[in-house]
Every structure is written in structure tokens, then in C-alpha cells.
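Single-structure report; data block below.
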Amino acid sequence: MRDRFRKLAAAGVVLLTAAALSPAPDAAAAKASRPSGGGLSADIRYTEYGIPHIVADDYPDLGFGVGWAQAADQVCTLADGFVTLRGERSRYFGAAGHPDGTHSSASTNLASDLFFKGIRQTRTVEKLLRQPAPAGPGDEVKELMRGWAAGYNAWLAQRKITDPACAGKEWVKPVTALDVAANAYALVITAGQADVVDSLVAAHPPAAGAPPAPTVPQSPQKSVASVRSHLARDDGGLGSNAVAFRGDTTANGRGLLLGNPHYPWSGGRRFWQSQVTIPGELDVAGGLILGSPTPNIGHNTRIAWSHTVSTGVPMNFHQLTLDPADPTAYLVDGKPERMTRRTVTVPVKDGPGVVRTQWWTRYGPVVTEYGGLDLAWTNRTAYALGDPNAAQLRMSDTFLGLGKARNVADVQRVLRRTQGLPWVNTVAADSAGRTLYTQSQVVPRITDDLVERCSTDLGRLLYPGTGLAVLDGARSGCAPGRDRDAVQPGIFGPSAMPTLTDAPYAENSNDSAWLANADRPLTGYPRVLGDIGTPRSLRTRGAVEDVSALADRGDLTPADLQRQQFTNRVPAGDLAAADTARACAALPGGTATGSDGKAVDVSEACRVIAAWDRTVRTDSKGALLFDRFWRRLTATVPQTDLWKTPFDPDDPVRTPRTLNTAVPGLATALADAVSELRAARIPLAAPLGEHQFVVRNGKRIPVSGGVDGLGVWNMTVGRWNPASGGYTEVRHGSSYIQAVGFADDGCPVNARTLLTYSQSSNPRSPHYSDQTELYSAGRMIRSRFCERDVLASPQLRVEHVRRR
């Protein structure tokens with residue numbers, strides 16, 4: 001097989017590379033800190049849209065090929081991320097600058113550096129690398145990381161950077177295997193320590209004589225709503241849809257999967273598409289988050305899988321009772337225990353270094369705020385964050401294992417063995433027609449019984465509505481326990497996780513496990529994993545309606561999944577547009593009073609909403625008006641007041657419903673939406689794509705889709721800039737889309753894929769916006785997975801990358 005690749009390379013575009021590569025490291029984690037190298041090589045076969053198919057002899061070589069190819073497409077994004085992970089943003093970009101949010105919630109470069117320098121200083125990642133599998137990463141993953149770093153470095157040594165974002169910049173440097181592992185670690189702690197960076201690095205003991213803070217916030221309802229919103233990432237964070245269909249619903253009796261993750265369109269959390277192959281060992285295609293050596297979501301010839309962001313709360317707080325004589329000591333079972341003081345120094349551009357102190361406890365770091373919730377450090381009380389994901393580096397092993405899986409049962413075995421997914425569910429379908437939904441993730445082992453025994457006053461306020469536990473840190477018996485099948489202390493084992501197998505469809509749209517299949521609801525799990533019997537999001541409701549109808553219809557193919565992706569139906573519009581139009585038409589004189597007290601003629605809006613097709617396709621007229629109206633209405637009118645028919649847990653997909661047009665906020669929201677669009681000189685009936693778009697190299701590309709609040713499957717969260725025409729850039733939304741089926745003859749995979757924002761961030765790349773234009777047109781790519789299809793590509797280009 002390798003001989004065929006060599007011959008093909010000779011007939012194609014052959015580029016031999018050289019790099020000063022150091023010897024491979026031994027097992028000691030300390031050697032991961034050296035610039036990586038070795039006599040490594042790989043074949044990279046590029047097909048349409050710049051999709052690489054990387055073939056290598058072993059894991060270090062495969063990592064080499066992936067690192068090389070990712071650098072070719074995304075060197076500036078990757079290099080910027082490594083500056084962050086080394087804690088050097090203040091050194092190169094200034095302390096007051098703002099990171100892009102890729103690796104943490106830090107609001108300034110200084111806060112980001114203090115956090116990541118602290119991780120480096122304590123050698124956290126090195127310690128995790130030294131843990132033997134399964135508690136720590138396996139040898140294959142370590143070899144992939146070493147190879148990835150070597151490939152990235154080889155590309156830097158042999159190629160000229162053309163991307164103006166970083167060409168000639170001193171902060172573009174070679175990396176080490178430790179840098180690659182640190183990137184994986186940052187992804188693992190996204191919803192834990194990395195989500196509280198400003199609070200963590202700013203926490204400091206109270207001044208002498210400072211008054212105590214209340215143990216319960218002054219506005220409990222507001223605090224619960226704030227935390228719930230933060231956990232749900234309502235501000236535009238990560239999300240996803242995925243559905244698996246059982247064989248008896250498909251045209252050929254084999255499984256089908258549609259994955260639609262909602263991720264950022266810029267920065268280091270972008271997906272990058274590839275196929276990676278070690279002949280006889282591994283052959284998998286899919287989307288890789290930048291810096292990853294193997295697909296995070298994807299398919300092989302037998303299994304397809306995707307992930308969705310889970311409602312499981314992967315962290316908790318411990319309320320500390322402080323020593324009256326020393327606010328940096330806390331009591332455990334009546335005995336004082338001193339906090340650990342970490343002093344971190346950050347170099348700063350054009351100024352002296354900054355020195356700050358962080359405070360850590362047996363439970364984790366002291367923090368003073370979370371999601372708008374005040375967690376003040378007083379002379380009596382402080383709060384420590386418990387994050388079990390901060391003690392694991394197994395995620396890459398999970399992804400590698402999924403890439404090798406042959407069926408749904410294998411997927412479950414991989415998840416049980418590695419236990420490395422930090423904050424996502426898994427949805428899968430296999431070639432035998434089986435389906436799977438499981439919430440197997442790393443979550444603190446906080447049972448409802450533990451909460452009942454150990455909650456503080458604040459915990460009793462927060463836990464029922466949010467799943468966030470605040471436990472009594474003064475009692476050692478209030479720490480999370482350990483399940484017998486858990487690979488690390490303090491977490492639930494896989495047998496405790498909600499799991500659904502072999503349902504006609506298994507679907508998740510970021511609500512809890514409860515309605516993964518509406519006919520087979522999952523119950524009996526603790527609140528920390530998600531809620532039961534509560535209202536679902538409009539996106540979940542619309543998704544369940546759509547996929548259950550598809551399953552009932554049957555005879556499904558990947559083409560049906562592509563149509564589902566681009567239906568762009570607006571469940572909020574189906575529920576409320578007609579009633580809104582009628583209420584609008586009934587307004588006296590066709591006018592409504594805006595929030596500024598001015599009367600607004602809304603008569604045209606009534607007609608536009610009535611005629612709207614209830615979609616967010618690029619040619620949809622009225623979608624933008626309804627979107628701006630609906631945002632205002634739902635922001636000001638509580639859900640309990642918005643609908644005439646309340647939520648019914650026995651009818652969760654169809655309730656609540658029937659818009660309450662009598663609420664005063666409806667007319668106000670209409671008036672404000674109309675005024676806003678007119679002020680921006682945007683016609684009320686303008687096609688959506690004229691005002692929801694991205695600009696690439698001066699070309700405006702219309703974009704379909706809508707936000708979670710509208711219930712749209714094809715999520716698009718834009719940056720609102722009315723002065724420049726509307727939604728003028730996509731913040732996050734549909735990213736690496738895959739519709740995967742399995743064939744009966746020929747190539748065993750029948751897949752369609754799309755990377756919405758394209759492979760490269762470099763505006764000089766031919767693959768800067770080519771797939772984005774496909775996305776605009778509602779098209780996908782027919783995947784080239786089997787060897788004959790790769791070799792048949794009319795745009796085949798081959799590189800053999802190796803040391804000279």
C-alpha cells in the first residue's frame with residue numbers, strides 16, 4: 001500500500017521537507033518540554049476543498065502529518081493559541097489586551113497569563129502525562145502529540161508564512177509535545193477552572209475588619225437565573241445538535257447519523273477536516289478541533305458519532321469556614337488547614353513583570369464570582385471550585401478509541417475505559433443499524449442524597465434549579481464520593497450515566513437526557529446530570545418534532561439528513577408568527593408605543609410577519625424582522641407569561657403554546673424592532689441573506705440559520721451591526737456538519753460533510769471561503785473516504801512530508 005502512495009506522489013505534486021528534529025523523547029514527561037522531532041514522515045493527499053487524507057506508518061508519523069497539515073491551513077491561529085497556553089500574551093500583545101476566549105474566560109491578557117503560567121509553574125500537565133493509563137493518557141496518544149509538534153515545527157522550518165495575521169511575527173515559534181498536551185488540557189477544563197479565570201486570579205484575602213457577606217444573595221431569584229443562564233451558555237457559547245437513526249427507519253437497514261455542532265467560527269476552537277490513516281490500524285475521517293491529532297467527531301467504515309454539549313454540571317463549589325484568626329486557613333472537621341499560596345510572575349510588554357498570588361485548597365482554587373453570582377471572600381467564608389476535569393487528560397484517548405470503534409458496543413466500551421469526555425454527550429449510529437445516546441462525561445459524584453446532607457444555604461438555593469452544588473467544605477464527609485467503576489476519585493462511573501440504546505432515533509440539542517427519544521424518556525439520574533420534567537428549549541422541541549417525523553416516515557438516506565440540516569424551519573415562528581400578525585393588525589391605527597414612549601407605525605410589519613414563510617433561509621422575507629422582535633419579547637416577558645397553554649410534562653414537545661398576545665410587551669417589542677430596522681435603513685421585508693452574511697476577501701456571502709431562541713436546528717449566531725447592514729459576521733453556529741450512512745456495496749461509507757467556515761483562516765488560501773459558499777447555497781460535499789475515491793479526485797494533490 002505504501003508503495004502505491006509513493007508512486008502516486010511521484011506523479012503528483014511532491015514536496016520533500018526537512019527539519020532539524022531532535023530525538024524522540026523517552027517516557028519521562030519532562031522530555032515533552034523539548035522541541036519535538038525525529039525521523040518522521042507522512043503522505044498527505046489533498047482532495048477538493050483542501051481536505052487532507054493523511055497516511056502514515058505509525059502514530060508518531062501520523063501526528064507529524066496532522067501537525068504539518070494543520071500548520072499549513074491554520075498556522076496563525078495555532079501560534080496565537082500557543083502564546084496563550086505559555087502565558088505570554090502580555091509579553092507580546094500587552095497586559096490590557098483581550099484574548100479571543102478560545103482557551104478561557106479571561107477578559108484580559110494579564111488574567112489569561114496568570115492562569116496559564118500557574119498551570120505551567122505547577123507542572124500540572126506533566127504530572128497528568130506521567131499517570132499510567134487508564135487514569136492517564138496512553139502511549140499512542142503521547143506519540144501522536146510528539147509527532148504533531150514535530151510536524152508543526154517542520155512546516156515552520158520549511159515553509160513561508162503568507163497569512164498577514166502572523167507573517168514575520170516573533171511570537172510564532174516551534175512547539176513541544178507539552179504544548180500540544182496543554183492545548184488538550186485547556187479544552188478539558190473549558191467548563192471548570194478555565195471558566196472562572198478572572199475570579200480565580202483576582203481572589204485575595206479580605207482586609208482586616210471587613211464585614212461578613214450574606215450566605216444567601218440578596219436577590220435569590222436573580223442569582224438562580226444568572227447561574228442557569230451561564231451554565232446554559234445563553235450568551236453564545238458552545239452547543240450542538242445530533243441525531244442517530246436506527247436501521248429500521250433507513251432505506252438500507254443500516255444506521256444514519258447527522259451531526260451539527262455549534263462552535264466558534266474563529267479562533268482556536270475551530271474544527272479542521274481530515275482523514276487520518278495508519279494502514280491496518282486506524283482509518284477515520286472527521287472534524288478535529290485545532291491542535292488535536294485525531295478527529296473529535298467523525299466516522300470510519302462501521303461507526304459514525306458526534307457530540308453535543310451536555311447539561312451535566314462538571315464542577316461544584318465548596319463553601320469554606322475560615323479560621324477566625326486567619327482568612328487564609330479553613331476548617332475541616334474542626335482542624336485548621338492552610339491554603340496553598342501560588343505566586344505567579346508574568347512578563348509584560350514595555351513594562352515590569354506583574355506578580356500576583358493565587359490561593360488553592362484541597363478542593364481547588366478560591367474564586368469570588370461565578371456567572372454573575374457573588375462569592376465574596378470574607379473573614380468568615382470563602383468558596384473553592386471543585387473541577388474533576390482539572391485532574392484528567394484522557395480526552396484524546398477517548399477520541400482515538402472512538403476512531404477505532406467498530407460498532408455501538410465498542411463506543412460504549414471506549415467511553416467506559418477512558419472516561420475522558422469533559423462536558424459533552426455522545427450520539428452514534430453503526431453499520432448494523434444500532435443507535436446510541438449517552439451522557440458519559442466527567443462529572444463530580446454529587447448525588448441528590450449528598451446534596452441533601454451537605455448543601456449550604458446557597459447550595460439549597462441553587463441546586464434544584466441549576467444542578468450547581470455548593471457543599472459544606474468544613475466536613476470531609478461532604479466531598480464527592482467515588483463509584484467503583486470510575487477511573488478517578490470524585491466522579492460518577494459510566495454505569496451512572498443516562499444511556500439510551502437502539503431507539504428508532506436518539507437526539508440531543510443541548511437539553512438534558514430526558515427526551516433523547518420522546519417515546520422512551522430517560523429518568524432516575526441525579527440533578528447534577530440534568531433536569532427531568534421541565535420545559536425544553538424550542539430547538540429541542542423543533543428537533544424532536546422533525547426527527548420523530550423522519551423516523552416515522554422511514555426509508556431515510558443521507559440526502560434526507562442534508563435536507564433536515566438546511567430546512568431552516570423556525571419553531572418559534574410556527575408557534576407565534578400568525579398570532580403576532582393578528583395582534584399587530586388589531587392595534588388601533590396600526591401603531592404601537594416603543595420603549596422610548598414614541599408611537600410607531602407598525603402596519604407594514606403586520607403584513608410582513610403574516611406573509612413570512614417561517615424559515616430562516618437566505619431568501620426568506622420577514623425572518624430578520626421576526627428575529628429582532630422575538631429577541632425583545634422573550635427578553636422582557638417571562639416564559640410563564642408568554643404562553644396561554646402552560647407547560648405540561650406529559651406533553652413536553654407541544655407545550656407551552658398559544659402566544660399570549662395580551663401581554664403589554666408584545667406591542668412594545670414590535671415597535672422597537674420596526675424602529676431599529678428603519679433606523680438602520682433595512683427594509684422590513686428584506687431577504688435575510690442581504691442582512692445576515694459574512695465578508696470574505698471583499699465578497700459578501702449570505703448565511704442562513706438562526707439562534708437558539710428561535711428554535712432553529714441550523715444555528716447561526718451573528719454579530720449585530722446595523723450600521724453595516726445587519727448581522728455582518730458569524731460568531732458561532734453550525735460548523736463541521738456530517739450526514740453519514742453506510743452502504744451495502746462499493747465503498748462502505750456514504751457520507752456528506754461540510755465545514756461551514758472552510759479549512760483555512762488565511763485570506764490568501766484558496767480554501768479560505770470555498771466551503772462557506774457551499775454553506776450559503778445549502779450544499780454539502782460527497783465524502784471521499786475509500787482509497788479509490790481519494791485517487792479519483794480531479795483535484796488530487798499529493799505531498800510526501802519527511803526529513804531530508
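On a predicted model such as this, the values are computed, not experimentally measured, just so you know. Numbers here are sequence positions counted from 1.
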message: Taking Pro52's backbone N and O only, do any of them form a donor-acceptor pair with Ser274's side chain (distance below 3.5 Å, no angle check)?
response: yes
query: Any donor and acceptor pair, going by atom type alone, linking the side chain of Trp713 with main-chain N or O of Gly705 inside 3.5 Å?
result: no
- request: Without swapping roles, check the side chain of Asn762 against the backbone of Tyr768 for a donor-acceptor pair under 3.5 Å.
  value: no
- prompt: How are the rings of Phe271 and Tyr736 set to each other: parallel, tilted or perpendicular (split at 30° and 60°)?
  reply: tilted
message: Please check: side-chain N/O of Trp305 versus main-chain N/O of Asn296, any donor-acceptor pairing under 3.5 Å?
response: yes
field: Basic-acidic side-chain contact under 4.0 Å: Asp179, Arg120
entry: yes
message: Has Gln441 got a side-chain atom pairing as donor or acceptor with Val309's backbone, closer than 3.5 angstrom?
response: no
task: State, yes or no, whether a side-chain contact exists between Ser240 and Asn260 at a heavy-atom distance under 4.5 Å.
output: no
- prompt: Within a strict 4.5 Å, meaning less than it, do heavy atoms of the Val243 and Val427 side chains meet?
  reply: no
task: Would you indicate whether Arg406, at its atom CZ, is surrounded by more than 12 heavy atoms from other residues, nucleotides or ligands within a distance under 6.0 Å?
output: yes
message: Testing the basics here: between Leu85 and Ala182, what is the closest heavy-atom pair and its distance to 0.1 Å?
response: CD2-O, 3.8 Å
field: Glu729 and Arg731: CA distance, side-chain angles, deciding distance, salt bridge (Lys or Arg N to Asp or Glu O under 4.0 Å) verdict
entry: CA-CA 6 Å; Glu729 183 55 74; Arg731 291 170 50 205; over 6 Å; no
message: Other residues, nucleotides and ligands only: do more than 12 of their heavy atoms fall within 6.0 Å of CG on Asp139?
response: no
message: Keeping Ser105 on the side-chain end and Asp195 on the backbone end, is there a donor-acceptor pair under 3.5 Å?
response: yes
message: Please check this pair: side chain of Gln70 against backbone of Leu290, looking for a donor-acceptor N/O pair closer than 3.5 Å.
response: no
Donor-acceptor under 3.5 Å (Ser758 side chain, Gln771 main chain): yes
field: Check: Thr122 side chain, Ile119 main-chain N or O, donor-acceptor pair, under 3.5 Å
entry: yes
message: Go through it in stages, so that I can follow the logic: the residues are His53 and Tyr46, the test is side chain to side chain contact (heavy atoms under 4.5 Å, CB included), and I'd like the CA-CA distance, side-chain angles, deciding distance and then a yes or no.
response: CA-CA 6 Å; His53 306 257; Tyr46 288 96; over 6 Å; no
field: Donor-acceptor contact below 3.5 Å, side chain Gln419 vs main chain Arg416
entry: yes
field: is_close_aromatic(Phe82, Trp171), centroid dist under 6.0 Å
entry: no
- request: Verify side chain to side chain contact (heavy atoms under 4.5 Å, CB included) between Asn407 and Arg413, making sure each step is shown before the conclusion.
  value: CA-CA 10 Å; Asn407 50 47; Arg413 280 190 285 269; 4.1 Å; yes
